[in-house]
There are 2 protein chains.
Amino acid sequence: MKTSEKNIERLLLYRRILISFKNIGKTNIYSKQLASLADSTPAQVRRDIMSIGYSGSPVHGYDLEKLIDSISEFLDSNNLQKVALVGLGHLGRSIIDYFQGRRPKLMIAAVFDRDPDKIDRVMHGCRCYSNEKILKVIPKENINIAIIAVPASGAQDVADLLVQAGIKGILNYAPVKLTLPPDIYVENRDMILAVEKVAYFARKITTEGSST
Amino acid sequence: MKTSEKNIERLLLYRRILISFKNIGKTNIYSKQLASLADSTPAQVRRDIMSIGYSGSPVHGYDLEKLIDSISEFLDSNNLQKVALVGLGHLGRSIIDYFQGRRPKLMIAAVFDRDPDKIDRVMHGCRCYSNEKILKVIPKENINIAIIAVPASGAQDVADLLVQAGIKGILNYAPVKLTLPPDIYVENRDMILAVEKVAYFARKITTEGSST
DNA sequence: AACATATTGTGAATAAATTCACAGCGTTAA
DNA sequence: TTAACGCTGTGAATTTATTCACAATATGTT
Ligand SMILES: NC(=O)c1ccc[n+]([C@@H]2O[C@H](COP(=O)([O-])OP(=O)(O)OC[C@H]3O[C@@H](n4cnc5c(N)ncnc54)[C@H](O)[C@@H]3O)[C@@H](O)[C@H]2O)c1
Ligand SMILES: NC(=O)c1ccc[n+]([C@@H]2O[C@H](COP(=O)([O-])OP(=O)(O)OC[C@H]3O[C@@H](n4cnc5c(N)ncnc54)[C@H](O)[C@@H]3O)[C@@H](O)[C@H]2O)c1
């Protein structure tokens, strides 16, 4: 079963769409509908669903509940997967606020910051520790992924510590390339690059449109 | 000249890397070095650079300054391109704080929120307006891209307003699919999907590693 | 001036991703 | 019963993206 990064991204998106579709009372969906909701094509949707081994009915399309379950079985861990967050500034606070309680199999189980004012504060049920506790808390809580929301200057050090503590995947919001062992999965999310991209395509649209 | 979305993303990343490479005193770079900094391959780097019409020297590789300029000429607007931000919560504040002043050709020129407490506050030199001013301020300031950082429930309405005001590109942080005219470029950035993706690959790494 | 060297630029080959197109199927209607 | 329908599942075709591989080249060296 060959599943690329893009495949996984689409499946995650499908699941979110399917859940909200189910929440408005639907019980099934056709590849055409899902494609249109996901800005994709029916053939792409069918291929993706095929790749996880689920199949629908030619008459009713896909059963929402079963499809959601299949995707979840494919994508999720059986157990709860715990997440650490480092950096409790504006971004960190926004993240914890938005994330916590939204996904059944994922939870932010520990927060770290180096600012003494923040240490020991409790947010959404999880206490903020000082960075020195990273090596202790992460293995103890069995956390294997982390979100970095500290300024660029501190990110590499934090990442090194996290890896030392046993983290296997990092979602990095700091604008630096982290240098880490090859068996650590890193996803970078930089807002500036994203705005630049939007700026490029927005401009492209406007200049193309005016050349009629 | 066929430049795909991925192309643009890589060029933006190269530029950032090149700038920081220049800042540590270097004057030139080889495709091999840039590839390793960008987690890419030398051939990919050369192809990408070829696609913008720049060429280097077989002996000294690429001249940093000239390459940065070529990429910028290709990617950037000649004029300043203005950005609107809607939603001045934790996320919005983090965004403005991080973004403002970082890119020479881009600036957040107006901020909107519907909370009366926030209206008329000034942050990083830009005043926060009420949503009602969107239709007035955006055309007046000639803003053509926007960042949405409001809760999911308000995002579609805000997006509709923005489009009506003349926005051509949107960076959307709210977890909803925006339904908009086809000539509007939308980039969605959802943290939950990103964490889920990291969770998947982190797990995959750990389980694969243990099957030796 | 001739040679050695290391890297670029790029056509060609390969690999990966997407789309096409249609057989097969369960359901409904007559 | 039979026919018609509209959708899925998927092999094959196509398109897009990446990598290979090597001639061309600018410079340093003798
Ligand atoms: N990728 C994005 O989309 C995006 C958006 C906004 C900000 N950012 C980045 O995220 C960073 C944080 O943004 P913010 O708005 O929350 O900033 P902030 O200043 O509000 O918060 C930073 C927090 O990190 C803590 N911190 C600093 N160094 C630390 C370290 N070494 N270890 C642990 N904690 C540390 C500080 O005490 C503070 O609480 C910014 O510096 C910026 O680089 C990224
Ligand atoms: N994509 C991501 O990575 C990510 C991360 C965190 C949060 N979020 C999303 O972003 C939203 C904002 O996060 P936050 O932490 O800043 O929340 P917040 O509650 O701190 O701020 C929300 C702000 O939006 C304003 N607002 C609400 N509705 C509005 C409307 N219709 N028009 C204008 N302003 C409006 C509020 O007054 C408030 O200032 C969250 O609801 C969440 O959906 C996304």
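Just so you know, these numbers use all the heavy atoms, side chains as well, and skip hydrogens, waters and symmetry mates. Below, chain A is the first sequence line, B the second, and so on; all start at residue 1.
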Colleague: If I take atom CD1 in residue B/Ile49 and atom P in nucleotide C/dT8, what distance separates them, rounded to the nearest angstrom?
Modeller: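 Rounded to whole Å, this separation is 8 Å.
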Colleague: Nearest to the side chain of A/Met50, which nucleotide is it out of D/dG9, D/dC7, D/dA26?
Modeller: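 That would be D/dG9.
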Colleague: Check this one for me: any side-chain N or O of B/Arg47 less than 4.0 Å away from OP1 or OP2 of C/dA12?
Modeller: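 B/Arg47 to C/dA12 OP1/OP2: no side-chain N or O under 4.0 Å.
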Colleague: So, OP1 or OP2 of C/dT8: does either fall under 4.0 Å of a side-chain N or O from B/Ser55?
Modeller: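 So the side chain of B/Ser55 is outside the cut-off, no N or O lying under 4.0 Å from OP1 or OP2 of C/dT8.
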Colleague: Donor-acceptor check, side chain of A/Ser72 to backbone of A/Asp69, threshold 3.5 angstrom: yes or no?
Modeller: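 The answer is no, because no donor-acceptor pair under 3.5 Å joins these two groups.
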Colleague: Using a cut-off of less than 4.0 Å, is there contact between a side-chain N or O of B/Tyr30 and OP1 or OP2 of C/dG9?
Modeller: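 Answer no for this pair, as no side-chain N or O of B/Tyr30 is under 4.0 Å from OP1 or OP2.
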Colleague: Here's a test of your reading of the structure: between A/Ser4 and B/Gly56, which maps to the more 5' nucleotide of DNA chain C?
Modeller: B/Gly56
Colleague: Report the distance from atom CG of B/Asn7 to atom P of D/dA17, rounded to the nearest whole Å.
Modeller: 8 Å
Colleague: Taking CD1 from B/Ile29 and P from C/dT7, how many angstroms apart are they, rounded to a whole number?
Modeller: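 Value for this atom pair: 13 Å.
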Colleague: Counting only side-chain nitrogens and oxygens, does A/Lys6 get under 4.0 Å of the OP1 or OP2 atom of C/dT18?
Modeller: yes
Colleague: Hey, are the side chains of A/Gln33 and A/Tyr62 touching, using non-hydrogen atoms and a 4.5 Å cut-off?
Modeller: no
Colleague: Roughly, in whole Å, what's the span from OH in A/Tyr54 to P in D/dT10?
Modeller: 14 Å
Colleague: Below 4.0 angstrom from OP1 or OP2 of D/dG9, is there any side-chain N or O of A/Arg46?
Modeller: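 No, no such contact exists.
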Colleague: Starting from P on C/dT7, measure out to CG on B/Leu34 and report it in whole angstrom.
Modeller: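 Distance check: B/Leu34 CG to C/dT7 P gives 14 Å.
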Colleague: With DNA chain C as reference, determine whether B/Gly61 or A/Thr41 sits nearer its 5' end, using the nearest nucleotide of each.
Modeller: B/Gly61
Colleague: Quick one: do the B/Gln164 and B/Asp160 side chains pair a donor with an acceptor below 3.5 Å?
Modeller: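 Their side chains do not contain a donor-acceptor pair, so the 3.5 Å distance test is not met.
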Colleague: Could you tell me how far apart B/Glu5 (CD) and D/dT18 (C1') are, to the nearest whole angstrom?
Modeller: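 Taking atom C1' of D/dT18 as the reference, CD of B/Glu5 is at 18 Å.
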Colleague: Knowing that exactly one of A/Arg16, A/Lys105, A/Arg15 qualifies, which makes a salt bridge (charged side-chain N to carboxylate O under 4.0 Å, His left out) with B/Glu196?
Modeller: A/Arg15
Colleague: Return the value, rounded to whole Å, for the distance between atom NZ of B/Lys32 and atom C1' of D/dA21.
Modeller: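 Going from B/Lys32 (NZ) to D/dA21 (C1'), I get 15 Å.
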Colleague: Counting side-chain heavy atoms from CB outward, which of C/dC20, D/dA26, D/dT19 is closest to B/Gln44?
Modeller: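 Output: D/dT19.
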Colleague: Is the phosphate of D/dA26 approached by B/Ser57 (side-chain N or O, under 4.0 Å from OP1 or OP2)?
Modeller: no
Colleague: Quick one: do the B/His90 and A/Asp97 side chains pair a donor with an acceptor below 3.5 Å?
Modeller: no
Colleague: In whole angstroms, how far is the P atom of C/dT7 from the CG atom of B/Asp63?
Modeller: 17 Å
Colleague: Among the candidates D/dT18, C/dT8, D/dG9, find the nucleotide nearest to the side-chain atoms of A/Tyr62.
Modeller: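 Closest of the options to the side chain of A/Tyr62: D/dG9.
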